[in-house]
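For the single chain, residues carry numbers from 1 onward in sequence order. The figures that follow rest on heavy atoms only: side chains count, while hydrogens, waters and symmetry mates do not. Given the structure is predicted, the values throughout are model-derived calculations rather than measurements. Just so you know, ligand 1 is whichever comes first in the structure, and atom 1 is the first atom listed for that ligand.
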Amino acid sequence: MTGTIFDFNGSKEAGWSQPEPISAASLELIPQQLRRIKLPEWPRASEPELVRHYTQLSQKNFGIDTGFYPLGSCTMKHNPRLNERIVQHPGIDRIHPLQPESQVQGLLAIYYEMQEMLAICSGMDAVTLQPVAGAQGEFTAIRCIQEYHREKGESHRDKVIVPDSAHGTNPASASMCGYQIIEIPSAHDGRIDLDALRSAVGDDTAAMMITNPSTLGVFEPEIAEATKIVHNAGGQMYYDGANFNAILGKTDPGRMGFDAVHYNLHKTFSQPHGGGGPGSGPIGVKEHLSKFLPAPIVGRREAMEDEVGVGDGHWYHWVTPERTIGKVQQWNGNAGAVVRSWAFYRRYGHELETMSEHAVLNANYLRHVMMNPDPNLQIHAMPVEGCPADVVKHEFTLSMSPLKEANGVTGKDVAKRLLDYGYMAPTLYFPQIVPECLMFEPTETESKEVLDKFAQDFHSILAEDPEIILSSPHTTPVGRVDEVWAARNLILRHNKPQDLS
Ligand SMILES: *Cc1c(COP(=O)(O)O)cnc(C)c1O
């Protein structure tokens, strides 16, 4: 069945279970001038038609619940159903942000514990849960750094350094704060070029933003030297925590010398994401930046005699940091996302180190099997030239350049063909420094069987007639879409088909 819900209008006669929109008796109560002249043209589907329509729509969508989702840099891991049970607890999902502290002690305690936990595993001193995306966390932290420089009388610092392998949100966030971006090239092996960094820093450096391991999946062993170079120039170090799944429990950005970090709760700490939400991108900062954090954050003190808290003898309350940059989000962040990640942490907190070990193991295993195709295969993908990565962390990149040279099949074509095999495509053309890049991140929640099957299917694709790959996907509801047109002409409203012109 195709089309929109309005296509069900034909079934008016039979089976529909909606009441008439307005009964005659209620119509009498509405003053004449407020009545609509024409009834709205709502779809008139029956309940079973409605259920079928939306169920079929949902089945056209691909998600982690329907198959392997190796989207690099996005950490698409299984979302434990326990998280959903907990977030639906009435004491959590039936409350309002304007309720007084005395009525929301439970949620405040969860917030507090989450702040503490994130501070501990990142080596930071203070955390706010307010930003609702990693990108918003970046913006928030860079604003805190900006205020820090201003307070020291150093507002002339107007440049933020980012490596060329950075996620696009890094330069975008810094530039939204009014900074100029200095991009430094990666060295041949994909690591930071320390000499390039040395010549980029100066008394105009406000900060450097970097993720470690990098988007190539490569851990930067000289990160302490990089932080020293930036700190000596008076700049601050910002850690893009999107790749946290690779290092949790092993090391932390605090130890590497960073001053601020964001966490993508919807990546590392397991919750459904994709398609723009819902997310949560808390930030953590070292002591010297903490007074600038957006308000409010949650504080804790001993409960007074007449205060009934959560039974741990404490009273949780909202706190406004002394020189706060203000709010970056309405209310107090995405509470549902925070609670889900808190539930994940309470369940798996003692195993976070094992979690990242398995994520790294899975990435290395998958890379190994994908890179060792059947010797009879004529064509196979190579890693980008010069990219070291005998050992990667949680994700890895492959360049499809040899394939393109051999028969014109690009990375994008291979990604499209993977859809026919029932997989989500890997991340495409990112990082941009890898030509014809495909980036894979299996995460810790996939089994060896899934990875073996995926590698096998990948090799089958490489051995296929190029025409089949070039014209793929063949099994999806829509084929290749014009992405530019779709992005420029976003249709976000449900309109009747004739209104779509
Ligand atoms: C996902 C990601 C971001 C941005 O996070 P959002 O939550 O999508 O805004 C930043 N950097 C890297 C490396 C990422 O993978």
Side-chain angles (χ1 to χ4, degrees), residues 64 69-77 79 118 122 128-143 160-177 181 183 186 190 192 207-220 223 237-248 253 258 260-284 328-329 333-334 336-338 340-341 359 363 392-397 424 426-434 437-443:
I64 189 76
Y69 208 125
L71 195 65
S73 208
C74 292
T75 313
M76 304 298 285
K77 60 172 75 177
N79 314 123
L118 291 173
S122 61
T128 174
L129 303 173
Q130 209 175 96
V132 298
Q136 198 183 20
E138 293 168 18
F139 171 80
T140 308
I142 295 295
R143 278 286 298 117
V160 169
I161 299 169
V162 293
D164 58 2
S165 61
H167 195 265
T169 51
N170 292 185
S173 309
S175 124
M176 278 183 69
C177 294
I181 310 303
E183 187 178 278
S186 303
I192 313 178
M208 176 178 194
M209 301 176 83
I210 187 169
T211 179
N212 191 25
S214 72
T215 54
L216 293 166
V218 179
F219 188 81
E220 176 52 68
I223 192 68
M237 282 296 278
Y238 179 79
Y239 183 84
D240 173 340
N243 296 328
F244 218 15
N245 216 44
I247 62 158
L248 256 180
F258 285 89
V261 44
H262 81 253
Y263 321 81
N264 301 69
L265 295 191
H266 47 281
K267 295 180 181 173
T268 318
F269 295 94
S270 90
Q271 41 195 309
H273 66 289
S280 180
I283 64 166
V328 293
Q329 184 66 28
N334 193 347
V338 171
R340 281 186 184 85
S341 290
V392 289
K393 290 294 173 206
H394 63 306
E395 65 191 3
F396 61 94
T397 56
M424 179 66 191
T427 294
L428 209 50
Y429 298 128
F430 173 75
Q432 288 170 349
I433 51 179
V434 179
C437 181
L438 295 184
M439 182 201 223
F440 303 87
E441 180 180 7
T443 83

_Check: His262 ring centroid to Tyr239 ring centroid under 6.0 Å_ = no
*Looking at Ala166 and Val162, what are the two nearest heavy atoms and their distance?*
CB-CB, 4.2 Å
*Does His266 reach ligand 1 with a nitrogen or oxygen that is under 3.5 Å from one of the ligand's nitrogen or oxygen atoms?*
yes
*What's the shortest distance from atom 9 (O) of ligand 1 to any protein heavy atom, and which residue and atom give it?*
Ala135 N, 2.8 Å
*Would Asn243 and Thr268 count as a side-chain contact (heavy atoms from CB on, under 4.5 Å) if you check the C-alpha gap in whole Å, the side-chain angles of each, and the deciding distance to 0.1 Å?*
CA-CA 8 Å; Asn243 296 328; Thr268 318; over 6 Å; no
*Got an N/O contact under 3.5 Å between Asn170 and ligand 1?*
no
*Of the side chain and backbone of Ser73, name the one, both, or neither that has a heavy atom under 4.0 Å from an atom of ligand 1.*
both
_Looking only at protein heavy atoms, which one is nearest to atom 11 (N) of ligand 1, and what is the separation?_
Asp240 OD2, 2.5 Å
*N/O to N/O below 3.5 Å, does that happen between Asn264 and ligand 1?*
yes
*Any chance you could lay out the side chain to side chain donor-acceptor pair (under 3.5 Å) test for Ser341 and Gln271, step after step, and finish with the verdict?*
CA-CA 7 Å; Ser341 290; Gln271 41 195 309; 2.7 Å; yes
*Side chains of Gln432 and Asp164: donor-acceptor distance under 3.5 Å anywhere?*
no
*Assess the side chains of Asn245 and Lys77: does a donor N or O sit below 3.5 Å from an acceptor N or O?*
yes
*Just which atoms of ligand 1 are under 4.0 Å from any heavy atom in Glu138?*
10 (C)
*asked:* Using side-chain heavy atoms (C-beta onward) and a distance below 4.5 Å, is Cys177 in contact with Arg143?
replied: yes
*asked:* Please list, in number order, the atoms of ligand 1 under 4.0 Å from a heavy atom of Ala242.
replied: 2 (C), 11 (N), 12 (C), 13 (C), 14 (C), 15 (O)
*For ligand 1, which atoms have a heavy atom of Lys267 less than 4.0 angstrom away?*
1 (C), 2 (C), 3 (C), 5 (O), 14 (C), 15 (O)
*asked:* Below 4.0 Å, non-hydrogen atoms only: which portion of Gln136 touches ligand 1? Side chain, backbone, both or neither.
replied: neither
*Please check if the side chain of Asn212 supplies one atom and the backbone of Phe219 the other of a donor-acceptor pair under 3.5 Å.*
no
*Can you tell me the protein heavy atom closest to atom 6 (P) of ligand 1 and the distance?*
Gly134 N, 3.4 Å
